[in-house]
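Notes to accompany the following structure.
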Amino acid sequence: MTRSSKEFRSDTFTVPSERMMEAIREASVGDSVYEEDEDTNSLQKRIQELTGKAGALFFPSGTMSNQVGVRSNLHQPPYSIVADDRAHVYRNEAAGLAILSQAIVYPAFPSNGLYLTLEDIKKRVIDFKDIHVATTKLVCLENTLNGIIMPLDEIKRISEYAKANGIRMHLDGARLWNASAETGISLKEYCQYFDTVSLCLSKGLGAPIGSVLVADETTIETARWIRKQQGGGMRQVGLLAAPANVAIDEVWPTMKATHLVVKKLAQYLEEELSYKFEGPVETNFIFIDGPRSGVDIVILEEEAKKRGLNVVSNRLAFHYQISPEAIELLKEAAKAALERSREIGVKPEGGDSEGIAVAGSKSGSHKYAPVKN
Ligand SMILES: Cc1ncc(COP(=O)(O)O)c(C=O)c1O
């Protein structure tokens with residue numbers, strides 16, 4: 001097994017393919033701060049076209065692209081942002097919204113336990129002017145979130161409401177590639193409802209480094225300014241843009257097949273071993289519900305390690321370089337972890353009826369337990 005073929009920690013653990021390495025060797029070496037790097041310009045143009053936006057800007061990371069994207073939507077504080085309570089931009093970006101955007105965040109909770117609805121968002125929006133409050137100026141969504149796809153109809157409802165109320169919309173589309181590959185809904189269709197969208201190149205798409213922010217030209221001009229200020233203006237960045245271009249050609253078309261492997265594995269775990277999950281398996285993640293499965297996750301990590309696999313926590317992440325052999329070994333590890341957990345007296349909490357929907361599985365009609373507020 002190669003280094004990445006047994007990596008279940010994150011979909012960021014891919015290694016550049018041969019074609020990507022070739023592209024790096026042949027990459028253009030212009031100065032991208034001066035907007036003179038051909039491969040960067042052509043990648044930005046390509047993503048502009050794919051997303052239907054007038055501007056696109058390369059960033060070194062999804063965090064920077066999210067944070068600068070958010071900041072570029074906002075003017076004169078005080079203001080507030082509504083974001084999903086589980087959102088990366090809110091929870092996992094080192095308080096960037098407070099520091100770079102000086103924003104207070106009102107987290108919103110998905111009442112269906114899966115994705116935010118307009119009603120969930122409205123509960124957290126401050127839509128009146130009063131000197132005691134910080135009016136909502138931005139809604140941040142994430143698609144996919146924990147591997148769950150946000151329905152286009154709901155995005156549309158939220159966007160119509162936001163527009164009517166002078167609220168801008170940002171999408172953390174780190175894995176919008178996955179959503180689009182799975183649903184067949186184009187990036188353009190998704191992106192039309194957002195002012196800014198951050199798309200990661202180095203998650204499931206498999207490029208070594210980078211993210212791209214898309215928006216209208218004026219917003220991208222602002223973003224370029226802030227990117228420079230934050231130290232994100234890069235020079236011969238064609239070395240990163242060239243393999244990202246290859247990743248779109250080479251890896252994106254394989255994403256749906258990767259999702260199928262994940263769903264089949266989830267089905268095996270659920271039907272053969274009675275594993276339970278924290279959410280539906282729709283794209284490239286499985287979140288094992290340890291307590292309800294009666295599995296000690298530390299034991300699962302140990303069993304995976306014994307077989308040369310890297311598993312950390314209850315989140316199993318998948319990407320195109322995971323090998324069929326690693327999937328078989330993971331099944332073995334899951335079985336062994338279950339048996340060892342039973343031996344030490346770990347019992348599954350709750351009943352079968354609380355099982356979680358896995359697309360295509362026998363228990364597909366089961367309801368996912370809602371997130372607690
Ligand atoms: C949903 C989401 N958004 C943004 C990011 C940030 O990306 P990066 O690690 O490139 O900063 C991540 C990283 O895992 C993520 O999962």
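Counting convention: from 1, in listed order, for ligands and their atoms alike.
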- Query: Quick one: which ligand 1 atoms are inside 4.0 Å of a heavy atom on Asn66?
  - Reply: 3 (N), 4 (C)
- Note on the structure: Which of Asn66, Thr196, Thr144 passes side chain to side chain donor-acceptor pair (under 3.5 Å) with Asp172? Answer is Asn66
- Query: What protein heavy atom is closest to atom 12 (C) of ligand 1, reported as residue, atom name and distance in Å?
  - Reply: His88 NE2, 3.2 Å
- Which residue owns the protein heavy atom closest to atom 3 (N) of ligand 1, what's the atom, and how far is it? Asp172 OD2, 2.6 Å
- Query: For Asn284 and Thr258, does a side-chain donor sit closer than 3.5 Å to a side-chain acceptor?
  - Reply: no
- Message: Is it the case that the ring center of Phe318 lies less than 6.0 angstrom away from the ring center of Phe8?
- Response: yes
- Query: Is there a heavy atom in Lys203 that sits closer than 4.0 Å to ligand 1?
  - Reply: yes
- Ion pair check, Asp249 and Arg46, cut-off under 4.0 Å: yes
- Message: Considering both backbone and side-chain atoms of Thr12, is one of its nitrogen or oxygen atoms within less than 3.5 Å of a nitrogen or oxygen in ligand 1?
- Response: no
- Go through ligand 1 atom by atom and flag the ones less than 4.0 Å from a non-hydrogen atom of Glu93. 4 (C)
- Task: With heavy atoms of Ser61 as the reference, note each atom of ligand 1 found under 4.0 Å away.
- Result: 10 (O), 11 (O)
- Query: Evaluating non-hydrogen atoms only, which member of Asp11, Thr63, Thr144, Ile209 is closest to atom 11 (O) of ligand 1?
  - Reply: Thr63
- Query: Do Ser4 and Gln321 get their side chains close enough for a donor-acceptor pair, meaning under 3.5 Å?
  - Reply: yes
- Item | Phe194 and His170, any side-chain heavy atoms less than 4.5 Å apart | no
- Task: Can you sort out which atoms of ligand 1 are near Ala174, meaning under 4.0 Å from one of its heavy atoms?
- Result: 1 (C), 2 (C), 3 (N)
- Let me know which of Glu271, Glu282, Glu270, Glu182 forms a salt bridge (Lys or Arg N to Asp or Glu O under 4.0 Å) with Lys263. Glu182
- Message: Only heavy atoms of Arg175, strictly under 4.0 Å: list the atoms of ligand 1 that pass.
- Response: 1 (C), 15 (C), 16 (O)
- Item | Polar proximity ligand 1 side, Ser211 side, N/O cut 3.5 Å exclusive | no
- Item | ligand 1 to Gly62 polar contact by distance, N or O atoms, under 3.5 Å | yes
- Under-4.0 Å heavy-atom contact with ligand 1, by part of Glu142 that carries it: side chain
- Message: Quick test of your reading of the model: are Arg157 and Glu119 salt-bridged, counting only N-O distances below 4.0 Å?
- Response: yes
- Message: Taking CD in Gln192 as the centre, count heavy atoms belonging to other residues, nucleotides or ligands within less than 6.0 Å. Is the count above 12?
- Response: yes
